[in-house]
Amino acid sequence: MTEVTQSTPDSATEPSGYDPAVVEKKWQTRWEERGTNDTDLRDGARPFYALMMFPYPSAEGLHVGNLFAFTGNDIYGRFQRLQGHTVFEPIGFDAFGIHSENYALKVGIHPAELIPRNIANFRRQLKSAGLMVDWRHELSTTDPEYYKWTQWIFLELYKRGLAYRRRAAVNWCPNDKTVLANEQVIAGACERCGAKVEQRFLEQWFFRITDYAERLLADLDWIDWSETTKTAQRNWIGRSDGAEIVFRVMDLLEMGAAATVGLNVMATTAELNAMATDIRVFTTRPDTIFGATYLVLAPEHPLVDALVTDDQREEVAAYRAATSKQDLVTRKVNREKTGVFTGAYAINPATGKPIPIWIADYVLMEYGTGAIMAVPGHDERDFEFAKVFGLPIVRVVAPRGVHPSRHTADAAHVDSQNRDEHPPLEEPYVDTEHAHLVNSAQFNGLTVEEGKHAIVTWLARHGHAKPIVNYRLHDWCVSRQRYWGPPIPVIYCDRCGVVPVPEKDLPVLLPNVEDFKPDDTGVSPLARVESWYRVKCPSCGHDARRETDVSDTFLDSAWYFLRYPSSDVENKPFDEAMLKKWLPVSSYIGGNEHAVLHLLYSRFVTMVLHDAGHLEFEEPFTKFRAHGHIIREGAKMSKTKGNVVIPDQYIERWGADSFRTYLMFLGPYEEGGDFRDQSIAGVRRFLDRLWVSAVDARRDGAADDGVLRKLHQTIKKVTEDVPRLSYNTAIAAMMEYMNVLRAKERTPHVDEVRPLVQLVSPFAPHIAEELWERLGGRMSIFDSGWPAYDASLAAEELVTIAVQVNGKLRGTIRVATGTGQEEALAAAMADPGIKKFATGTTKKVIYVPGRLLNVVV
RNA sequence: GCCGGGAUGGCGAAAUCGGUAGACGCGAGGGACUUAAAAUCCCUUGGGGGCAACCCCAUCCGGGUUCGAUUCCCGGUCCCGGCACCA
């Protein structure tokens with residue numbers, strides 16, 4: 001249990017009279033009654049869509065991390081509202097998926113019963129946090145009115161040829177008994193349960209996200225997103241520029257001849273091409289082709305059967321069998337080089353020499369062409385492999401200093417360099433920056449970059465190569481052999497084949513299945529519900545059956561932001577007028593753990609819907625900011641450590657306003673912070689002092705000029721900090737102002753306090769609303785506008801200037817703002833403490849008005 | 001290994017354009033109020049030296065640029081996140 005170090009200030013004895021429990025209840029009720037947080041979606045003149053990543057409604061309830069994210073977004077949204085925008089801040093629940101299903105299995109309650117319960121609890125918690133949410137637009141991905149359109153999106157992709165079925169090696173989690181997307185496999189283990197992932201072959205539905213790789217990459221150059229998130233997406237898409245190079249396989253006759261005669265293959269290729277087998281490889285280092293001493297194919301490569309010689313057939317078959325038995329994980333984790341010679345040779349198109357063809361599991365079928373040219377001299381993996389099997393290692397790239405022409409003065413050295421320009425490499429030489437080509441015929445001396453271009457151009461003339469771009473990104477596997485998700489809206493008919501469910505028949509309702517446990521068959525639990533999956537073909541009317549897989553949860557969340565403004569619309573996924581007014585999303589705040597999954601899929605789905613003519617924009621989130629993560633007393637929070645912060649307890653003891661403000665105060669929002677129980681007292685004290693200041697404020701006389709100056713400086717600071725999400729410094733500035741406001745126990749004037757209440761309101765909305773009312777506000781503070789700062793009022797008359805002698809601080813002077821250098825220098829020299837260091841002739845004077853004076857002697 | 005981000009008092013952190021390092025908050029110490037405690041308010045609080053005015057040292061480590069570097073450049077250490085037999 002979480003120990004909260006300080007007890008609740010008892011409202012009866014609390015000197016300030018501030019009782020958050022009373023204030024927060026009062027305003028939450030009022031806001032609901034008055035519809036303060038409801039957005040008139042049709043009317044907003046300056047719409048602002050403040051989106052937060054919707055939560056997965058776990059049974060544990062709202063996590064402090066959720067609240068950290070939501071509060072940051074809420075402050076941003078409230079600030080925009082105070083700036084005159086019509087703000088829409090919706091929320092919903094990402095309630096489908098394995099998470100929910102596994103938990104339901106664990107506690108033995110049907111998810112259809114469990115999920116609404118969890119949602120109710122979440123809703124209660126969210127309301128207690130005082131978010132400016134328009135609850136009329138709440139949505140849940142499990143609602144048939146929602147997933148009807150998730151299914152519709154699947155069909156849109158299908159119509160456009162972007163959804164296809166393929167039998168594929170998939171990641172199979174033996175614990176969750178389902179396939180996983182590559183993205184859900186972390187270091188060979190299931191992202192959710194940590195079990196070791198195995199390899200299975202199943203018919204799967206895929207989305208052709210790879211068709212969009214280039215667009216997804218290119219748009220990253222202009223969308224206003226956290227740089228860290230964009231970097232993660234770039235890595236994930238993994239564009240690599242290289243070339244596809246064709247290696248011709250030698251036939252047996254040629255092989256015999258090659259053993260005795262030096263072949264000039266370049267000349268004869270054209271005529272032989274027709275009958276010979278080609279192996280196409282992908283490489284990012286075409287400049288090293290003269291050093292390609294062997295080829296390697298993935299064991300699964302379709303050409304292996306055709307290539308293998310009779311001598312090697314048995315060994316090759318055994319190796320292929322061993323590889324296919326191996327799960328995808330061990331194959332990638334075990335880096336010891338293994339492989340088998342096929343007995344076949346290919347011609348290196350650059351050297352014209354025959355090189356052996358091997359198969360090895362370090363070459364993956366799913367990347368590039370499933371075949372590589374091995375350049376052991378300049379690639380670590382190829383080097384290791386060549387060492388193990390005694391294959392030749394040739395140097396074709398050398399550091400600049402090794403070039404013979406650089407050593408003509410040193411006869412002995414030149415001699416050794418010339419005789420053997422590629423001494424045995426102790427390790428692969430992979431530097432591409434300070435290097436040039438050697439042993440590469442007419443290309444010697446070129447830099448790596450020049451060599452790449454020149455060699456591809458040269459090979460291309462003979463049809464041996466072409467520049468090509470490859471992506472690491474794979475197509476998105478959306479099939480899940482599970483129960484708790486939207487059924488994929490497809491029907492299989494023996495006569496018509498794959499038939500999409502007609503739009504008028506959507507949604508394909510998820511039947512209520514009592515026994516929803518997945519089993520080892522790799523078939524969804526829905527396959528057990530015969531009454532459900534047996535249907536008539538919508539096309540020919542004959543017996544047919546439904547697809548029994550459900551779709552990936554990431555499809556549910558890939559479009560929810562499009563639905564929010566139209567959550568009440570029945571006959572279409574989104575209303576055109578709403579789209580026009582509210583989308584793309586003005587500001588999206590969320591965690592970077594979704595940098596490549598949710599955020600990439602959302603962009604993809606948006607692009608597809610754009611191409612299909614449903615959306616005018618192709619990027620869903622104009623602005624995205626990743627928030628940081630909270631740790632607890634220097635350690636990561638985890639259930640096992642029992643150090644998780646439960647928001648409810650803190651809200652109860654300190655109030656939601658204090659909790660919110662504290663969360664925002666503990667560090668830079670985009671970096672996160674360290675939650676320390678003791679420190680929350682600081683922000684609570686600040687709110688107590690705010691309360692007293694407002695309640696006791698004097699109305700007679702006038703505000704103090706000095707205090708007003710600080711006030712306007714504070715308004716400026718907060719106004720600048722909030723849009724930058726620099727919440728911690730904004731709060732610090734308000735605390736600083738509070739110190740001035742209440743210095744020496746003075747009683748502040750209303751005019752000094754009222755604007756502060758407005759500044760505080762995005763952070764601590766309840767207390768602000770209460771004090772606003774007590775100060776005479778008639779309508780909600782959130783409709784009161786944002787205080788303007790007056791630069792002339794904020795200006796200081798006197799400034800302190802640091803005085804340095806030779807760059808060392810020797811004192812400070814107080815001068816009028818706008819004082820010139822001569823005058824400032826005179827003032828500084830009048831100070832004996834400074835003067836005594838400024839001896840001798842003055843060489844130079846640096847003057848930064850208002851800041852610093854540096855005298856160099 | 002590659003790509004990001006980071007390292008500042010006892011602690012969380014500021015310093016936004018190269019210009020007084022440590023704002024703000026926590027904790028700690030002292031004081032006021034109180035019979036007492038809590039709460040509240042006030043003062044002190046990077047390290048070292050000095051009776052003192054003051055002086056020296058200090059932003060992960062080592063160099064450099066500059067009148068001046070937490071900030072820019074080069075080299076290194078450690079921590080966090082992402083990717084990883086991706087050719």
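For clarity, every value in this text was computed on a predicted model and none was experimentally measured. Side-chain atoms are counted along with the backbone in the values below, which use heavy atoms only and exclude waters and symmetry mates. Here is the naming used below: chain letters follow the sequence lines, and residue numbers restart at 1 for every chain.
For the P atoms, the distance linking B/G63 with B/G47 amounts to 26 Å, nearest Å. Nucleotides B/C2 and B/G62 have their P atoms positioned 25 Å apart, rounded to a whole Å. B/C72 and B/G19: their P atoms are spaced 11 Å apart (whole Å).
At a threshold of 4.0 angstrom between heavy atoms, the contacts of A/Asn739 are confined to the sugar-phosphate backbone, with no base atom among them. Here A/Thr812 lies in heavy-atom contact (under 4.0 Å) with a base. Residue contacts shown for A/Lys636 are limited to sugar-phosphate atoms, with no base heavy atom under 4.0 Å away. Counting any heavy atom pair closer than 4.0 Å across all strands shown, A/Gln804 reaches a base atom. At a threshold of 4.0 angstrom between heavy atoms, the contacts of A/Arg234 with the nucleic acid are absent. Among the protein residues, A/Val363 comes within range of the nucleic acid bases, having at least one heavy atom under 4.0 Å from a base atom. A/Arg810 comes within 4.0 angstrom of the backbone, heavy atoms only, and of no base. In this structure, A/Leu666 reaches the sugar-phosphate backbone alone: every heavy-atom distance under 4.0 Å involves primed, P, OP1 or OP2 atoms, never a base. Within 4.0 Å of A/Asp382, counting heavy atoms only, lies no atom of the nucleic acid at all.
For the pair A/Arg472 and B/C83, the criterion of a side-chain N or O lying under 4.0 Å from OP1 or OP2 is not met. Residue A/Arg685 has a polar side-chain atom (N or O) positioned under 4.0 Å from OP1 or OP2 of B/C26.
Nucleotide B/C72 has B/G64 as its partner under the Watson-Crick or G-U criteria, with both atom distances under 3.5 Å. Under the Watson-Crick or G-U wobble criterion, with both distances below 3.5 Å, B/A32 is paired with B/U40.
Residue side chain A/Lys337 reaches the base of B/C85 through a donor-acceptor N/O pair under 3.5 Å, judged by distance alone.
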